[in-house]
K.L.:
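A single structure is presented below for examination.
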2 protein chains.
Amino acid sequence: MFDDQASGYDYQRGSRRKCTFERWHQDNQHVMIPLRSAKGGRAVSAVTKTAANSVAVILGHDLSSIDDGDVTWSDAHANFLSSLSQEEIQDLLTCSRLLVLKPRDHLFRAGDHSKDVYIVAEGCIRLFKVSPTGKETILWFNFPGELFGMAEIWSGSQRQVYAIANEATRVYSIRRQDFIKFLGAHPEAAMKAIGILSARVRALGHTLGGLASDNVETRIARLLMRFAAISSATRCSSGVNDAELCVNVRLRHQDIANLIGASRQTVTTTLLQLRKLGAVRMVDHHIHIVQADHLRCLF
Amino acid sequence: MFDDQASGYDYQRGSRRKCTFERWHQDNQHVMIPLRSAKGGRAVSAVTKTAANSVAVILGHDLSSIDDGDVTWSDAHANFLSSLSQEEIQDLLTCSRLLVLKPRDHLFRAGDHSKDVYIVAEGCIRLFKVSPTGKETILWFNFPGELFGMAEIWSGSQRQVYAIANEATRVYSIRRQDFIKFLGAHPEAAMKAIGILSARVRALGHTLGGLASDNVETRIARLLMRFAAISSATRCSSGVNDAELCVNVRLRHQDIANLIGASRQTVTTTLLQLRKLGAVRMVDHHIHIVQADHLRCLF
DNA sequence: TGTTTATTGTCATCCAGGCGACAAACATGC
DNA sequence: GCATGTTTGTCGCCTGGATGACAATAAACA
């Protein structure tokens, strides 16, 4: 069925030419998720457990914000779970199911009617849109403790985005009704939810402004600073110069491209430039920001 | 002070070259709002009244959504005020002040610390960002009944966007504390607020996807359909073919450009094409969509 | 250990759309 | 009615970045 996807070099996830795009619709779904390999996107192969453990990991996740001109990003990735009280966490998680996802499993697709909100237990979920031409635009990543899927719950309608596991990931799944009930019972939590959505609005607005007025280099610089900020908690073990910022997220060039609305090639080239300038460097498969100032002055 | 702004033709609001941009910083503000004329941007020349009347106008404002592929837009412009009960409206408006704005008055600027949320009573408020190079990106317009300014309230930080009156406008201003107290006291309303923020997230995500993957023509088409949908309530009086959709919002080409992240010239040209094709036409200073299908098939 | 698939690096080509520069058409105030 | 400011229409030039094509690694797998 997807036998053509594995062929050919320089396959850009989801950004094929229009002429071949029709193949994607062979499925009965609205739009096929562009899968990276034939066996890549298993359906939600979820193991359902009654959630109880592994909350500890999440709670330790604190975000010391790194100044990138404003505090947008640290807010946008506010750790919902750890901001709740013990009782609230109990209340919420008792009515949740724990889903276990393998890398590239999808949690939901655009067009789905799933009516759950999710909290990442561990791993990382990628939220993205797919344009009619098959181009993928990543809206954001969800890290442990983060709440997502909220936006679509309030419109009775279908999901508008895709959510897939970027790596081995576990998420708590909470049914719409339960979640609403929970918010009703815990006004504090409702306020926090509003706070998270607000941060999301600000973050998206920010991204939008950047996309509309900055060039690729600037957008990359912003993105790196942003990810450095949100991944600063999980410091990279390669204990190098602590002056350096570590972008401790697995990002392929294609991901960056999808994140900033550029082509993969341009990202490769630009990143290379930045490396030659000594602004960033690669430390086993992830980026370290050597001269934050250099990036910041591109803003 | 702004004596140079009025000079020269083809002045693009806020998108001057970098070399002249420094002039904008003569003020002690972070970034000057690019004003359209020297006398344009008076400070909030607000007349404070105890809000009581003119709610009627707003409540009549109903949104029959026009299908543009999804229901995003009608949601995003959900009428917060009219969705509340009589008592809720009372509660909310008694602790509000009514601000009267002349066209181009600004309500707040990026960097401000104003801690209010607002509800449009009548008129229209434009929310936008200004990039370091002075380029303006419009996030959205707020129409009567709509709640805005919420996103920044939850971060203790400064406003990230500019809000100025697009025309003669009146807004209810509610202090942060009062608003939070209100939401606490009215869980229903809190849910509605969440719904609005959700819709905003969806709308921004949509715009982002479009900006990243569509060309200017498509983006314009989308925009027109969107505005036709949200302005369908206030039908244009020029009672022409009721088959036509009326974009009953005052939009200059520059506004459209700022809305979709394009240059004014390109917007002019593209719009002209669309007119030649018979897809849209001008009816005294605003756009009518003659062939909605034509626009929709550009998506 | 060899084979297959994913990811990165490079290059030549091409074009959508940004930008400056005017002119004409409107608006608005005096 | 004149003058000044604003918005729209048009052109030509020029570049950032998309696209396609491939080579070179690196990782996954069998």
Side-chain angles (χ1 to χ4, degrees), chain A residues 2-13 15-20 34-40 103-104 133-135 211-220 250-258 260-273 275-276 282 284-287, chain B residues 2-13 15-20 35-40 103-104 133-135 211-220 250-258 260-276 282 284-287:
Chain A
F2 288 107
D3 49 296
D4 67 315
Q5 295 202 13
S7 66
Y9 277 10
D10 209 25
Y11 163 55
Q12 302 191 355
R13 185 193 322 146
S15 62
R16 314 192 125 198
R17 274 155 276 80
K18 292 167 195 181
C19 52
T20 66
L35 304 171
R36 264 187 284 171
S37 73
K39 43 208 150 148
R104 289 169 214 173
T133 51
K135 183 165 177 179
L211 188 51
S213 39
D214 301 330
N215 62 6
V216 172
E217 190 177 27
T218 306
R219 278 182 271 155
I220 289 187
R250 226 246 133 192
L251 287 176
R252 283 161 311 132
H253 292 180
Q254 185 65 57
D255 291 325
I256 299 181
N258 295 154
I260 64 169
S263 72
R264 196 224 89 222
Q265 290 91 321
T266 307
V267 171
T268 299
T269 313
T270 310
L271 231 33
L272 232 16
Q273 271 173 227
R275 271 161 64 179
K276 280 188 192 130
M282 300 302 294
D284 68 335
H285 296 281
H286 65 270
I287 297 172
Chain B
F2 289 106
D3 48 298
D4 67 315
Q5 296 202 15
S7 66
Y9 277 9
D10 210 26
Y11 163 56
Q12 301 193 356
R13 184 193 323 147
S15 63
R16 313 191 126 198
R17 273 155 277 81
K18 292 168 195 181
C19 52
T20 64
L35 303 171
R36 262 187 285 170
S37 72
K39 43 207 151 152
R104 289 168 214 174
T133 51
K135 183 164 176 178
L211 188 51
S213 40
D214 301 329
N215 62 6
V216 171
E217 190 177 25
T218 306
R219 278 181 271 155
I220 289 187
R250 227 248 134 190
L251 287 176
R252 282 162 310 132
H253 292 180
Q254 185 65 58
D255 291 325
I256 299 180
N258 296 154
I260 64 170
S263 72
R264 196 226 88 222
Q265 290 94 319
T266 307
V267 171
T268 299
T269 312
T270 310
L271 231 32
L272 232 15
Q273 271 173 227
L274 251 22
R275 272 161 64 179
K276 279 187 193 131
M282 301 301 296
D284 68 335
H285 296 281
H286 65 272
I287 298 172

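Naming convention: chains lettered A, B, ... in sequence-line order (proteins, then strands); numbering from 1 in each chain. Heavy-atom basis, side chains included; hydrogens, waters and symmetry copies ignored. Note that this is a predicted model, so its numbers are computed, not measured.
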K.L.:
Among residues at least two apart in sequence or on other chains, which ones pass side chain to side chain donor-acceptor pair (under 3.5 Å) with B:T269?
P.N.:
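Side chain to side chain donor-acceptor pair (under 3.5 Å) list for B:T269, sorted by chain: empty.
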K.L.:
Quick one: side-chain contact (heavy atoms from CB on, under 4.5 Å) partners of B:T270, sequence neighbours excluded?
P.N.:
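B:T270 satisfies side-chain contact (heavy atoms from CB on, under 4.5 Å) with B:V216, B:E217, B:I220, B:T266 only.
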K.L.:
Between atom CG in B:L251 and atom P in D:dT8, what is the gap in whole Å?
P.N.:
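Answer to the nearest Å: 10 Å.
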K.L.:
Mind listing the N/O atom pairs, protein and nucleotides 13-17 of chain C, below 3.5 Å?
P.N.:
from   : atom 1 : to     : atom 2 : distance (Å)
C:dG17 : OP1    : B:V216 : N      : 3.0

K.L.:
Within this structure, what is the CD-to-P distance between A:Q265 and C:dT7, rounded to whole angstrom?
P.N.:
14 Å
K.L.:
Distance check needed: C:dT8 C1' versus A:D255 CG, whole Å only.
P.N.:
13 Å
K.L.:
Kindly indicate, with the supporting measurements, whether the criterion side-chain contact (heavy atoms from CB on, under 4.5 Å) is fulfilled by A:R250 and A:H286.
P.N.:
CA-CA 6 Å; A:R250 226 246 133 192; A:H286 65 270; over 6 Å; no
K.L.:
Quick one: does any side-chain atom of B:K135 pair with a main-chain N or O of B:G261 as donor and acceptor, under 3.5 Å?
P.N.:
no
K.L.:
For A:H286 and C:dT7, give me the distance from atom NE2 to atom P, rounded to whole Å.
P.N.:
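Rounding to the nearest Å, NE2 of A:H286 and P of C:dT7 are 18 Å apart.
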K.L.:
Check for a donor-acceptor pair, side chain of A:R264 on one end and backbone N or O of A:Q254 on the other, with a separation under 3.5 Å.
P.N.:
no
K.L.:
With a 4.0 Å cut-off on heavy atoms, is B:L272 in touch with a base, just the backbone sugar-phosphate, or nothing at all?
P.N.:
sugar-phosphate
K.L.:
Please report, rounded to the nearest Å, how far the C1' atom of D:dT6 is from the CZ atom of B:R250.
P.N.:
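Going from CZ in B:R250 over to C1' in D:dT6 covers 9 Å.
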K.L.:
Within this structure, what is the CG-to-P distance between B:L271 and D:dG9, rounded to whole angstrom?
P.N.:
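Distance, rounded to whole Å: 8 Å.
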K.L.:
Check side chain to side chain donor-acceptor pair (under 3.5 Å) between A:S213 and all other residues, then give those that pass, not counting sequence neighbours.
P.N.:
none
K.L.:
What are the two closest non-hydrogen atoms of A:A262 and A:V267, and how far apart are they?
P.N.:
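What the structure gives for the nearest pair is CB-CG2, 4.4 Å.
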K.L.:
So, the side chain of B:R219 versus the backbone of B:L211: is there a donor-acceptor pair under 3.5 Å, distance only?
P.N.:
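Here the side-chain-to-backbone pair does not exist.
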K.L.:
Expressed in angstrom and rounded to an integer, what is the separation of B:R264 atom CZ from C:dG18 atom C1'?
P.N.:
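Distance check: B:R264 CZ to C:dG18 C1' gives 12 Å.
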K.L.:
To the nearest Å, how far apart are A:Q273 CD and C:dT8 P?
P.N.:
17 Å
K.L.:
Could you please name the option among C:dT10, D:dG9, C:dT7 that lies closest to any side-chain atom of B:R275?
P.N.:
D:dG9
K.L.:
Using five pairs at each end of the helix from C:dT1-D:dA30 to C:dC30-D:dG1 to define an axis, what is the angle between those two axes, to 10°?
P.N.:
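The value is 50°.
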K.L.:
Taking all atoms of both residues into account, what is the closest heavy-atom pair of B:T268 and B:H253, and its distance?
P.N.:
OG1-ND1, 2.9 Å
K.L.:
Taking the side chain of A:H253 as its heavy atoms from C-beta onward, which of C:dT8, D:dT8, D:dT7 lies nearest to it?
P.N.:
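The nucleotide sitting nearest to the side chain is C:dT8.
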K.L.:
So does B:H285 get a side-chain nitrogen or oxygen closer than 4.0 Å to the phosphate oxygens (OP1/OP2) of D:dT7?
P.N.:
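Result: no.
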